[in-house]
Amino acid sequence: MKKKQLALALTAIFLPSAFGWAADTEMPEVRASAKRVRPGSPNDVVITGSKTDTQLKDLPASVVVVPSQLLRDQGVIDMNRALENASGVQPLMAGGYGFANNYTVRGQAMRFLRDGYPDGTSQNGYWHTMYDVDRIEVLKGPGSALYGSGQAGGTVNVVTKQPRRGFGAEIGILGGSFGAWGLYGDVWGGIGENLSARLIADAERSDGFRGLSRDLKEVSPSFAWSIDADKTLTVDFDYRDLKVKPDNYGIVFNFQQQLPNVSRDSRYYSPMNFSDQKIRRTTVSHDWRISPDLTMRTALVNDQRDLSMLRNGGGNAGNAAGAMTGRQARSQVDDARYTMLQNELVWKLTGGGINHTVLAGVEYNTTDVSTVRVGYNLPNITNINSPIVPETSLTGLTPVASQGFNRTITSNAWALYAQDQMDIGEQFKVRAGLRADRMHADDVGTQGSPTVRTISVRDTLTSGSLGAVWQPNRDLSLYAGYSKGAFLNLSTEPAAISTQPESSSQKEFGVKANFLDGKADANIAIFETRRDNYFITLPGALSPTQDGKERTRGIEFDVSLRPITGLSLLANLVLQNPEVVSNSNATNAILGITRSIAGTMPTGVSKRSARLWGTYEFQDAAWKGWGMGLGATYKGESYADALNLYQIPGYTIFDAALFYRTKKWEASLNLKNLTDRTYYVNPTFAGALPGDPRSVMLTLRYRFD
């Protein structure tokens, strides 16, 4: 019945415009400018945070743009490196476990979008590559007022490369340290009079530092059909075959609460660990300009994901005898299906001397996930200072019933939302948004015992945003904003879905400026972000509880400078105070300590992090085409546990690049961790994950026009 209703809804929405049953209107206006707008500058237009093609300077919120050219300059091929260019974004192991990307933003959990639409769950997500990425837009703070159920920290929107009319193509090959190699092809052009297309395909392979291998294959075709001057139908398909070996342990802490003096290549994870994930995502969107002031977009997204993995589970830091106990293995299979149908109207009107841009939308989405987990207890590693992992397979190991489950998670939700962006004169702008998601979710199956249990949640998630911008002149914006978010965690990482939704809020004040005669841009923000009622599993506890409460207060800086021709500098910095405000108690059985977690820092979050990158392209005719880059990344100390007993040291690492470019081809040499420093990027169950040693990547590209 649901399929028939969905088919009728699609027919009603798409057919009238597809066959021209609407009044003729003018051709959509194409945004153009005689002066090129720099990506990420206050005059840049973004979708994230507004859904209405709004300039950054007009948004009462912090949005950071990471453009594709910057990713090329830095030799970035994965999301971990890409998001170093956005202030306040820090990598987090939990929910990613080495085979998926996961982060905190402003000390809180985040979520991914792809071209403005939800991109699965952050926990047990996937490894993001950069081959089809045009730019990355990072919205700080809750985004539920626009995007529905989502985490407190922020929203990372991956904006992909779109079909083009004119023919072009680019091929590339890369190779480097740890047996890494890759190749890709990108072809675009018109097919007939009204159809544009693009095909991006890539393959990447690496043995990986510490044996953490990757084997990735991706194909992304997309099409844009200009039905007539006012209507465009776009179809985008993504296929990903991702094999990544996870490491849940890194280097394990010892009884003295220190990382032992062992080789950074030491391995505590099970050698048979693997993750094998296949993603098939189809997005169909229809854009219709009904009149010069009224547009409608209808979108259908179907996302299918099959995940099979074997990874380590819980484990303890070294005990007094130098042994690692409590090790586990988890075998898990997920079969997930996500569907979303969305219809939005954007109406521009004037009334009472105020210019309004009104967004109104309705959305229906479903989740259907079958998940099976089997848990095993593993032998101890008897000496963490000279680790020998005893197991080589699951043969001979007996499943532990209390560690497993066999469940089906289903949900459906209807949402209504609206937003009004008001221009009051030339200098004052106000934005207000409100959204309600009526959700019904069920979690049915076994959990630690053969008895079938049912968890059912029915709730209405209400979220909103309110903000204002004052622009005393065209180069300066002062803004204040408040946002309220809600989130119902339907991922398969917890052993059961949440019985109550999380809540979040953010207060923010900031300045966006263009100065030094257009040679500098800056975004400075002061913020307080809160997250309440989320699931945490505390040390010494057998199961998670919804006692999580956190608050982060801080200030961020994102600055871009172009002091002389050929030289560009980018810098970001966050100074924040992330703090747990829950009064729950936790126990460290190894050290015999029990106390409240109130006042501690959230796991893996640092109070300070920064990034500086500079690129110089030589201007002298004899050196034309040559360029170089140099960068530094800093992260302060953080903690691997809820009691803040195991501290991960801070670090600063340096990167460099050398490149040569012509109109047709490009060669770049990128060097990571120039000083070959030993450092740790984020916490694991009982330790910290070492970052890569000094490494090199050579990339060659050729472009056809």
Side-chain angles (χ1 to χ4, degrees), residues 39 47 66-82 101 112-117 119-120 125-137 156-175 180-192 195-206 214-225 232-244 277-285 299 301-305 661 664-668 697 699-705:
I47 293 292
V66 183
S68 59
Q69 188 57 55
L70 176 62
L71 301 178
R72 284 199 176 211
D73 290 345
Q74 297 178 352
V76 170
I77 62 173
D78 65 75
M79 187 65 73
N80 289 340
R81 289 286 185 176
N101 300 123
F112 282 104
L113 303 177
R114 185 171 180 81
D115 291 323
Y117 305 117
D119 194 16
Y126 68 96
W127 184 273
H128 292 72
T129 61
M130 299 290 110
Y131 299 102
D132 62 345
V133 175
D134 181 61
R135 56 197 268 154
I136 300 169
E137 299 175 352
V156 176
N157 184 22
V158 178
V159 182
T160 64
K161 299 174 182 177
Q162 297 299 303
R164 296 182 183 179
R165 287 293 302 162
F167 172 77
E170 182 176 279
I171 58 174
I173 186 170
L174 56 90
W181 64 267
L183 53 89
Y184 73 92
D186 182 1
V187 183
W188 60 88
I191 303 175
L195 185 63
S196 302
R198 189 164 200 154
L199 176 62
I200 301 172
D202 60 84
E204 183 183 318
R205 179 75 172 84
S206 174
R214 296 195 305 272
D215 187 356
L216 316 175
K217 300 178 181 66
E218 302 172 316
V219 180
S220 300
S222 57
F223 304 90
W225 176 27
T232 302
L233 182 68
T234 303
V235 180
D236 179 86
F237 179 74
D238 297 298
Y239 174 78
R240 305 178 191 277
D241 184 351
L242 312 173
K243 296 178 174 63
V244 183
Q277 188 166 193
K278 291 180 174 58
I279 299 174
R280 296 169 295 278
R281 177 184 171 100
T282 304
T283 303
V284 181
S285 61
V301 180
N302 181 260
D303 196 345
Q304 304 179 29
R305 303 187 179 189
R661 296 171 179 153
K664 293 289 187 181
W665 66 277
E666 175 183 342
S668 61
M697 182 70 71
T699 305
L700 301 174
R701 299 183 177 94
Y702 187 80
R703 186 182 181 98
F704 304 86
D705 293 316

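As a basis for the values below, the full set of heavy atoms in this structure was taken, side chains included, without hydrogen atoms, waters or symmetry mates. All residue numbers in this chain count up from 1 along the given sequence.
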**Worked verdict on Y117 versus S285 for side-chain contact (heavy atoms from CB on, under 4.5 Å)** = CA-CA 11 Å; Y117 305 117; S285 61; 4.2 Å; yes
**Message:** Could you go through R214 and E204, starting from their C-alpha distance and side-chain angles, then the distance that decides it, and tell me whether this counts as side-chain contact (heavy atoms from CB on, under 4.5 Å)?
**Reply:** CA-CA 7 Å; R214 296 195 305 272; E204 183 183 318; 3.1 Å; yes
**Item:** side-chain contact (heavy atoms from CB on, under 4.5 Å) evaluation trace for I173 with T699
**Value:** CA-CA 6 Å; I173 186 170; T699 305; over 6 Å; no
**Request:** Under the ring pair (Phe, Tyr, Trp, His ring centres under 6.0 Å) rule, what do Y239 and F237 come out as? Steps first, then yes or no, please.
**Result:** CA-CA 7 Å; Y239 174 78; F237 179 74; 7.1 Å; no
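The two residues R165 and L195 make their nearest non-hydrogen contact at NH1-O, 2.9 Å. Here the closest heavy-atom approach between residue V133 and residue T129 is recorded as CG2-O, 3.7 Å. Nearest heavy-atom pair across G116 and N157 is N-OD1, 2.9 Å.
D236 and K161 are not joined by a salt bridge, as no carboxylate oxygen comes within less than 4.0 angstrom of a charged side-chain nitrogen. In summary, D119 and R281 engage in a salt bridge, as defined by a charged side-chain N under 4.0 Å from a carboxylate O. Look at D238 and R114 and you find a salt bridge, because one of the NZ, NE, NH1 or NH2 atoms lies within 4.0 Å of a carboxylate O, short of that distance. We find that E666 and R72 are joined by a salt bridge, their nearest charged nitrogen and carboxylate oxygen being less than 4.0 Å apart. Look at D186 and R701 and you find no salt bridge, because none of the NZ, NE, NH1 or NH2 atoms lies under 4.0 Å from a carboxylate O.
With contacts defined as side-chain heavy-atom distances shorter than 4.5 Å, the pair R205/L183 does not qualify. Contact of the T234 side chain with the F223 side chain is not registered, since no non-hydrogen atoms from C-beta on lie closer than 4.5 Å. Taking the side chain as every heavy atom from C-beta outward, I77 and M697 approach each other to under 4.5 Å. Counting heavy atoms from C-beta outward, L216 and D241 have side chains that stay 4.5 Å or more apart. At least one side-chain heavy atom of E137 sits less than 4.5 Å from a side-chain heavy atom of V159. Contact check for M130 versus M79: side-chain heavy atoms found under the 4.5 Å cut-off. Within the 4.5 Å cutoff, side-chain heavy atoms of F704 are placed close to those of I171. Counting heavy atoms from C-beta outward, D705 and F167 have side chains that stay 4.5 Å or more apart.
Rounded to the nearest 0.5 Å, atoms CG (D215) and CG (L242) are 9.5 Å apart. One finds the CG atom of D115 at 10.0 Å from the CD1 atom of I47 (value rounded to the nearest 0.5 Å). In this structure, the separation between CG on D132 and OG on S220 is 4.5 Å, given to the nearest 0.5 Å. Here I200 contributes atom CD1 and S222 contributes atom OG; the two are 6.5 Å apart, rounded to the nearest 0.5 Å.
Only one option out of D303, N302, V301 pairs with T283 in a side-chain contact (heavy atoms from CB on, under 4.5 Å); it is V301.
No donor-acceptor pair closer than 3.5 Å links the side chain of D202 to the backbone N or O of Y131. Formation of a donor-acceptor pair under 3.5 Å by the Q277 side chain with backbone atoms of G125 is found in this model.
Every side chain to side chain contact (heavy atoms under 4.5 Å, CB included) that S68 has, sequence neighbours left out, goes to D134. For the side chain to side chain contact (heavy atoms under 4.5 Å, CB included) test, residues two or more places apart in sequence or in another chain that qualify with R164 are W188, R198, R703.
Defined by atom type and a distance below 3.5 Å, a donor-acceptor pair is present between the side-chain atoms of T160 and Q162. In the model, E218 has no side-chain atom that pairs as donor or acceptor with a side-chain atom of Y184 under 3.5 Å.
Below 30°, between 30° and 60°, or above 60°: for H128 and Y126 the angle between ring planes is below 30°, a parallel geometry.
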